[in-house]
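What follows is a single structure, written as structure tokens, with notes after it.
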Amino acid sequence: RRSRLWLAMAGTLVICLGLCATRDLGTCVKGAACKASFFQAARTSQAAPGLHLHSKPRGTNLLHRARRDTRALAEVAGRDDTSSMLDKLPPTSTQLPDLVKPATVKIQDGDREIYLLGVSHVSRRSVEQTEALVDAVKPDALMLELCLARSGLLVREEDSFGAGNEERAFYVNGKFRIVGMPTGPGFPTAEEVLDWAGASVQPGQPLTRPNFDQLVKNLLSTGIFSSVRIQADRPPPSSVPLYMSRRRIWHKILPSRTYIPWQLDEDAPKELFPVYPLGDVIFNCTERKGMLATMENIDLTGDVPGELSDLKERILGWFKETKSTVRTLMLARKAILDVQPTSKIDFMGGDSKNILISIQDLGGMKLSGSNTGLEVTVYDGRGAGIMPTTVEGYTIPKVPGAEGESQWLSKRGVEWKAWSDVDKRMAPETLVDYINNPVASQLGQFLISRFGKLQDKAGRKCQINPGEAWQTAVAAAVNNGAKMVVLGDELALKTQAELAKNLFGRLATWATTGALTAGAGAFLQMNPELGESLPIQDPHLYVYGLAAAQVLGVCANLYNPVRTMQQFARQKGSTIESKLEIQEPLELSSAPHLLEGEDALLDWPGAREVVLDMRNKFMADTLFRMIRGKPARTPAYVTFENSDTGDVLQRFLIGPGEKNDANPIGVGVGEYETPELRRIVAVVGAAHVHGIREEVQRLLRSASD
């Protein structure tokens, strides 16, 4: 039998490997993304290149990337012109793949290094370059051109909130509460019961359906409840998803309740899956009744105090008064603990007419588990007077750390602290309106969202999903042991607001000019004698035409970037890829490298200052703080590992620097301290690379002076 079992396991592993090589084993899930967080809601409102605010992040197939990298490397190696340019680049301490060299810029600060990778948000090649660079450098930290408001772009579509119940993981961003807790003499407090049930979990602790079912069983096992139902409130508006590694490849193939840890497949990449926030988790409980119709005999055994010689008679009297077995035994519990507080009590035979009360004086020993005395009347959540519960087989294991002694630890030495209740109450609850002009807001939203939809269309032509470059970078960083993933960009809401104000200002200026011109035409129409000296008939009509041309001209000018992107998105995917390929290495560039189509929005009034200059300075400051160990003012996903299983949990933590809208107190699960970082990879839009490099080098020179 044992030989057949081993043969079956070996055959299953072979099948798994074959399936992994031929198709994506991830679950394709349809549904809306989580709308609980206003930061996630922000990502669905607008989309723009540079801002990179796509509305529907979709999945990425990690299993096919190695083959794509091989093909891309062969492509680059076969181009003589690219190879000659690469020869001009200075040597680096890390041997970079030829695939990433044209798009990578290195900044040296003593023995510390920053690798800037310029990407396109709609190019498959950029996704492959991202993974290849992170794999080659193995950085201490990764910085992304994302912010708090766009953190939802890291969620893949198949892992969206619309996945099946068993596939979702949650963390409690509120408190555990009991509703319907029985009160009366002898009953424990709700806080005691929650502690016994194991409802005091670590900050950001992932919980899946098996974990919640275990909490229900733990509550029923106290013996004082007949039923327990779980209800969860909506999370606080400032909540964001966390990420963890889960064993998807194996548990989807093997039978229910089958569990294979990572240790049996150490080379398998740890795929990240979102852990969605919940508000308060409420246990709706009902008191346990109907155990006994009568009590006839009471026996006591063990360390019975002499003061309780009349306890039998008192119990029978209480039963006549309360008509409740549970309340009677809770009164007996109170009487015992009042005399001997260190007693461990067991009420045996609670489902029969004969009750045996066992009392054990623990003295100085610590009691483990609950101590209602009714635990012995419950087995696996079942017992007399308890509503039966049905638990089906699971396709996923319990998440470690929810019970037992395992802890989520930062193996790379990142210090952090969890938010206090006071800190959580200081978290922002609503979106900040940086525009305060409904017309400007609507105009900006229309143009930016239209541009973003066309950008998504171009990405689909290249078989890339919104946010795929960021998702790939994070997965590669985790698998290469990075300490953290920093969201290093300026808050998108501010950038969009400034852009919308500039658009509205240009429109208002020309609309005012057109109105004045039309007013002049009306004046000519009302005073025809003034136009008699002109060599044209009905001059006021020409003036009206000029006014209309002015208004239409500014409208066409504002819509021109959208039209440019529309024409770009109509091309074939191969054509788009070829036009987005970076031919001349960015290391040799003396000006921002603008991509065709994708960077057309820079033609909008004031866009270069808002989209490039302002954000370049912000991201450069983020990198400078990271490389010099100064207090960061941007949030980050910090990597933690489970002490027992090695599973990965990425907690969302706020930077220790200045607290502002981009780095607000109370958001996520706590605050991190900037660790020592020697190698950093930054993934940003190609147009940002030059400006960020110049600003970082300026900051480093200033710090040295």
Side-chain angles (χ1 to χ4, degrees), residues 176 178 180-200 215-228 283 285-386:
F176 289 99
I178 292 180
M181 180 71 197
T183 58
F187 279 100
T189 64
E191 290 74 18
E192 288 178 310
V193 173
L194 287 172
D195 183 58
W196 292 340
S200 178
L215 288 173
V216 171
K217 285 185 178 181
N218 292 347
L219 288 171
L220 291 174
S221 295
T222 62
I224 60 177
F225 304 119
S226 64
S227 67
V228 177
F283 298 102
C285 303
T286 55
E287 182 182 344
R288 187 181 182 188
K289 298 179 180 179
M291 290 179 64
L292 290 176
T294 181
M295 283 187 186
E296 295 182 355
N297 186 43
I298 307 294
D299 291 321
L300 283 80
T301 184
D303 304 322
V304 182
E307 297 90 335
L308 300 177
S309 58
D310 62 341
L311 184 59
K312 299 179 183 180
E313 293 75 17
R314 292 162 65 183
I315 291 176
L316 293 174
W318 290 331
F319 185 74
K320 290 180 180 179
E321 293 177 7
T322 62
K323 307 297 182 183
S324 168
T325 307
V326 172
R327 289 189 173 271
T328 298
L329 296 180
M330 288 300 100
L331 287 168
R333 174 181 182 270
K334 181 179 184 300
I336 296 170
L337 294 177
D338 285 345
V339 176
Q340 193 169 272
T342 57
S343 296
K344 173 69 175 74
I345 307 168
D346 289 316
F347 297 112
M348 292 178 282
D351 54 352
S352 68
K353 298 178 181 180
N354 302 314
I355 304 295
L356 175 62
I357 303 177
S358 173
I359 304 174
Q360 180 185 2
D361 186 7
L362 298 178
M365 296 175 59
K366 183 180 179 181
L367 177 66
S368 60
S370 62
N371 189 27
T372 65
L374 294 172
E375 293 85 0
V376 294
T377 67
V378 183
Y379 175 74
D380 196 31
R382 296 176 174 85
I386 298 179

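Just so it is clear, the values below take in all heavy atoms, side chains as well, and ignore hydrogens, waters and symmetry mates. Quantities reported herein were computed from a predicted structural model and do not represent experimental measurements.
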Next on the checklist: I'd like to check Leu356 versus Thr301 (side-chain heavy atoms, cut-off strictly below 4.5 Å). Are they in contact?
Outcome noted: yes
Margin query: Under the criterion side-chain contact (heavy atoms from CB on, under 4.5 Å), I'd like the reasoning laid out for Met181 against Phe283: C-alpha separation, chi angles, the key distance, then a yes or no.
Written below: CA-CA 9 Å; Met181 180 71 197; Phe283 298 102; over 6 Å; no
- Looking at side-chain heavy atoms only, is the closest gap between Ser221 and Tyr379 below 4.5 Å? no
Under 3.5 Å side-chain donor-acceptor pair for Ser370 and Glu375: yes
*Does Ile224 reach the side chain of Pro188, with side-chain heavy atoms less than 4.5 Å apart?*
yes
Item to check | Side chains of Val378 and Arg288 in contact at under 4.5 Å (non-hydrogen atoms) | outcome: yes
Here the pair of heavy atoms bringing Ala197 nearest to Leu219 is CB-CD2, 3.6 Å
Test side-chain contact (heavy atoms from CB on, under 4.5 Å) applied to Leu329 and Leu374, step by step:
CA-CA 8 Å; Leu329 296 180; Leu374 294 172; 3.5 Å; yes
Return yes if a side-chain donor-acceptor contact under 3.5 Å exists between Asp195 and Ser200, otherwise no.
-> no
To the nearest 0.5 Å, atom CD1 of Ile357 lies from atom CG of Asp299 at 9.0 Å
When rounded to the nearest 0.5 Å, the distance separating CD1 of Ile386 from NZ of Lys289 is 15.0 Å
Q: Flag the pair Arg327 and Glu321 as a salt bridge only when some basic side-chain nitrogen lies within less than 4.0 angstrom of an acidic carboxylate oxygen.
A: no
Distance col, row Leu220:CG vs Ser227:OG, nearest 0.5 angstrom, shows 7.5 Å
| said: Could you walk me through whether Thr286 and Phe225 satisfy the side-chain contact (heavy atoms from CB on, under 4.5 Å) test, starting with their C-alpha distance in whole Å, then the side-chain angles of each, then the deciding distance to 0.1 Å, before giving a yes or no? | reply: CA-CA 6 Å; Thr286 55; Phe225 304 119; 5.8 Å; no
Exercise. Answer with yes or no whether the side chains of Thr328 and Thr322 bring together a donor and an acceptor at under 3.5 Å.
Key: yes
Backbone N/O of Ala335 and side chain of Gln340: donor-acceptor pair under 3.5 Å
no
Rounded to the nearest 0.5 angstrom, the CD1-CG distance for Ile336 and Leu311 is 5.5 Å
Smallest heavy-atom separation, Pro305 atom then Val339 atom, equals CB-CG1, 3.7 Å
Of all heavy-atom pairs linking Ser343 and Leu337, the shortest is O-CD2, 3.8 Å
For the pair Asp346 and Lys344, find out whether any cationic side-chain nitrogen is under 4.0 Å from an anionic carboxylate oxygen.
yes
field: Arg314 side chain reached by Leu308 side chain, heavy atoms, under 4.5 Å
entry: yes
Side-chain touch Glu287/Ser324, heavy atoms, less than 4.5 angstrom:
yes
For Val228 and Cys285 the tightest heavy-atom approach is CG2-SG, 3.9 Å
Discussion item. Could you tell me if the side chain of Ile315 sits less than 4.5 Å from the side chain of Lys312, heavy atoms only?
Written reply: no
Item checked: Beyond-backbone contact of Met330 with Thr372, side-chain heavy atoms, under 4.5 angstrom -> yes
Side-chain donor/acceptor of Glu192 to backbone N/O of Thr189, under 3.5 Å:
yes
Verdict with supporting geometry, Trp196 and Glu191, side-chain contact (heavy atoms from CB on, under 4.5 Å): CA-CA 9 Å; Trp196 292 340; Glu191 290 74 18; over 6 Å; no
So OG of Ser358 and CD1 of Ile345: to nearest 0.5 Å the spacing works out to 9.5 Å
